[in-house]
Amino acid sequence: MSHQLPNLPYDYAALEPHIDARTMEIHHSKHHNAYVTNLNNAIAGTEMENMDIVSLCQNIGKFPMAVRNNGGGHYNHSMFWTSMSANGGGTPQGKLAEAIENDLGGFEKFKELFAAAGTTRFGSGWAWLCVQATGKLSVCSTPNQDNPLMDISECKGTPILGMDVWEHAYYLNYQNRRPEYIAAFFNVINWAEISLRYEAAL
Ligand code: MN3
């Protein structure tokens with residue numbers, strides 16, 4: 001199957017002032033678009049062409065590095081766009097809020113752990129909130145375009161929230177100030193969507 005760049009569910013300017021329109025436009029129309037193009041080129045004419053993106057990630061250790069990098073890039077960004085909303089921010093509600101309390105020590109502790117996962121990731125990568133096979137929540141990070149679905153990842157689970165900490169996600173507006181971008185990211189998290197993913201993952 002051929003993978004496609006998803007449309008954003010909002011305008012490029014929707015997340016301002018937290019994430020600026022120019023960053024969103026380049027990130028989506030150039031960076032994510034390139035991952036999709038390069039993924040399609042890498043799987044053309046192979047067994048991988050008939051696999052969905054989750055199955056590709058789950059078996060990525062068997063596949064070429066181009067598929068790991070671009071397939072991960074496609075999965076991660078597709079999830080990233082829908083993890084954010086112009087009406088985002090605030091705090092999670094319901095079962096997810098209870099799980100954050102029970103498994104991570106509360107929302108403020110979650111923010112500390114998640115921000116630290118993003119801040120301390122050397123170079124490029126992602127911070128993740130995952131559901132473990134036991135149903136418990138965990139926070140971790142991965143390098144490059146790896147993700148917790150990947151069989152080769154040290155950080156495993158079902159990802160329900162990912163934060164891109166590549167410089168291309170923030171450099172135009174925040175330059176080298178990754179911690180400021182991370183602080184702003186909390187203002188756009190679409191907790192209603194993350195809750196749905198949490199309940200689906202259980
Ligand atoms: Mn990115």
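One-based numbering, in listed order, for ligands and for the atoms of each. Computed from a predicted structure; not experimentally measured.
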K109/E112 salt bridge by N-O under 4.0 Å criterion: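 The answer is yes: the pair qualifies as a salt bridge.
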Vertex the Mn ion (ligand 1), arms to H27 NE2 and H168 NE2, rounded to 10°: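 NE2 of H27 and NE2 of H168 make an angle of 90° at the Mn ion (ligand 1), to the nearest 10°.
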Sidechain-backbone polar pair: N40 side chain, H3 backbone, donor-acceptor under 3.5 Å: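 Side chain of N40 to backbone of H3: a pair is present.
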Geometric class of the H32/H77 ring pair [parallel <30°, tilted 30-60°, perpendicular >60°]: tilted
W126 ring center within less than 6.0 Å of F80 ring center: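 Here the rings of W126 and F80 have centres that are less than 6.0 Å from each other.
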The Mn ion (ligand 1) to nearest N/O/S of H77 less than 2.8 Å: yes
Name of the D164 atom (N/O/S only) found closest to the Mn ion (ligand 1):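 Sorting the N, O and S atoms of D164 by distance to the Mn ion (ligand 1) puts OD2 first.
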